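Since the structure comes first, as structure tokens, the remarks are kept for the end.
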Protein chains: 2
Amino acid sequence: MSKDLDFSGSDTSLRNKVFQHIKSQIIKGVYAPGDTILETKLADELGVSRTPVREAVWLLEVEGLVETTSKKGAIVVGISAKDVADIFAIRQLLEGLAARWAVSKLTEVEIKELQKICDLSEFYAQKRDMEELAKLDDRFHQLVYEASGSKMLNLTLKNLHEYVQPARLHSINIENRFSASVTEHLALLEAFRKKDAAAAEKAMTHHVIMAYENIVSHPDAK
Amino acid sequence: MSKDLDFSGSDTSLRNKVFQHIKSQIIKGVYAPGDTILETKLADELGVSRTPVREAVWLLEVEGLVETTSKKGAIVVGISAKDVADIFAIRQLLEGLAARWAVSKLTEVEIKELQKICDLSEFYAQKRDMEELAKLDDRFHQLVYEASGSKMLNLTLKNLHEYVQPARLHSINIENRFSASVTEHLALLEAFRKKDAAAAEKAMTHHVIMAYENIVSHPDAK
DNA sequence: GCTTGTATTTATGTATACGTTAATTCATTG
DNA sequence: CAATGAATTAACGTATACATAAATACAAGC
């Protein structure tokens with residue numbers, strides 16, 4: 001069986017594909033902490049040369065997901081439960097800031113877009129389709145990041161957001177988290193419409209807190 | 001004249017050296033926004049092959065310091081005044097969090113270390129040696145980041161801190177910012193000693209705000 | 001004279017080859 | 001039998017070679 005990467009999407013480079021691939025494998029837990037990643041072996045498995053693999057692994061090292069020990073391969077560090085907790089504490093502050101800044105920058109078009117996401121979310125919440133819900137949640141937050149008008153804040157949050165995907169995916173699968181999340185998005189949207197910065201910040205902070213509360217109160221509910 | 005990189009420090013790889021080199025050149029403004037970086041040309045100038053240069057440039061791209069346009073080289077994006085403002089707003093929140101978390105984790109040894117940094121800072125403040133002062137300030141903040149006990153927070157802050165070095169360096173050169181900065185560090189240290197989390201957060205937030213106020217009130221004082 | 005198409009140049013993306021260093025293994029000796 | 005040392009192996013770091021694709025320049029046709 002070939003494990004070759006998909007080459008169809010030629011818009012993005014191999015090193016990017018390899019990087020995204022490994023990163024998602026680590027975040028999903030396929031590569032567990034302590035596992036070692038060997039450039040040559042991985043290159044063979046993916047059907048590419050060492051070059052793009054090297055570049056991908058180095059970026060993983062810079063991002064703190066692996067630690068390269070000399071001649072023994074890169075060992076996976078991964079994301080601990082504490083890391084997730086810390087990320088939510090950081091996001092609570094920064095997403096609040098993003099929401100506050102976004103208030104004065106959001107255009108009518110973007111607000112319409114957010115509304116559309118909420119509508120779709122309600123639809124998929126009824127169908128219990130978490131896959132689609134997760135994607136919509138991503139787009140919602142991404143839109144707010146970009147609407148903040150801050151390159152640095154956007155970069156920082158985009159990075160942090162990725163790390164908590166699996167935790168969030170499992171969390172959103174629980175009880176009424178489906179609709180609760182949508183409700184919180186709608187509250188935020190309302191604050192955006194009223195151009196109420198304080199309310200927007202509060203709504204976003206609350207949303208992040210609730211998401212985390214849900215995760216810790218349902219540990220390992222997979 | 002040879003522009004070759006220093007090869008003496010063999011502890012760090014070439015790609016790392018090249019990366020740090022370009023990054024500092026961008027942050028210092030030697031490479032201005034709009035300038036293009038050509039892998040081949042740069043490799044020649046530095047006296048290395050394209051491989052380490054490639055890997056360095058890609059990391060710059062991921063960090064948002066350059067944008068690679070196809071076949072036209074990587075164009076330097078750089079740090080705008082707004083970026084600096086945004087970074088200080090973010091740091092204000094996150095360094096406050098770091099200080100709060102550090103309170104319960106700081107060991108006696110680390111507090112002694114912080115005290116030593118303050119002592120030295122006072123010495124160099126009198127001598128008006130900003131070079132050394134900047135280094136000490138780095139170490140002070142770095143220690144707090146690490147004492148926060150959070151890998152994610154440390155990573156995030158370390159990254160943000162680098163971008164504002166030149167602005168800060170120029171800022172610290174102004175009027176009584178020398179001693180003011182040291183005084184603020186001492187106030188923070190006092191809060192650490194008393195294990196007062198609220199006071200530590202407040203002192204750190206204040207310190208970051210003051211540093212930024214100083215920058216904006218003395219624009220382009222170079 | 002302007003536009004369009006083609007050829008050449010140029011720069012990046014990928015692969016491979018080479019050098020170096022650390023880890024492991026095996027043999028030899030005390 | 002254990003310990004030490006040399007040789008082999010394995011993995012990374014760097015350099016170079018090759019492939020590809022875009023940009024530019026030049027020429028031909030309208």
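So you know, we letter chains A, B, ... as the sequences are listed, proteins then strands, and number each from 1. All of these numbers come straight from a predicted model, not from anything done at the bench.
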Nucleotide C:dT12, atom C1' - distance to CD of B:Glu67 in whole Å = 17 Å

Measure from CD1 on B:Ile75 to C1' on C:dT12 and round the result to the nearest Å.
-> 16 Å

Contacts satisfying salt bridge (charged side-chain N to carboxylate O under 4.0 Å, His left out) that involve residues 46-71 of chain A (not counting sequence neighbours) are A:Arg15-A:Glu55, A:Lys23-A:Glu63, A:Glu39-A:Arg50, A:Glu39-A:Arg54, A:Arg54-B:Glu55, A:Glu55-B:Arg54

Anything under 3.5 Å between a protein N or O and an N or O of nucleotides 12-14 of chain D, put it in a table, one pair a line.
from   : atom 1 : to      : atom 2 : distance (Å)
D:dC12 : OP2    : A:Glu39 : N      : 3.3
D:dG13 : OP2    : A:Arg54 : NH1    : 2.9
D:dG13 : OP2    : B:Arg15 : NH2    : 3.4
D:dG13 : N7     : A:Arg50 : NH2    : 3.0
D:dG13 : O6     : A:Arg50 : NH1    : 3.2
D:dT14 : OP1    : B:Leu14 : N      : 2.7

For B:Lys105, which residues count as a side-chain contact (heavy atoms from CB on, under 4.5 Å) partner, sequence neighbours excluded?
-> A:Lys82

Length of the line joining B:Leu42:CG and C:dA11:C1', which is rounded to integer Å | 14 Å

For A:Glu110, all residues meeting salt bridge (charged side-chain N to carboxylate O under 4.0 Å, His left out), sequence neighbours excluded = none

For B:Asp35, the side chain to side chain donor-acceptor pair (under 3.5 Å) test, sequence neighbours excluded, returns none

Which residue pairs pass the salt bridge (charged side-chain N to carboxylate O under 4.0 Å, His left out) test when at least one of the two sits in residues 140-160 of chain B, sequence neighbours left out?
-> A:Asp83-B:Lys151

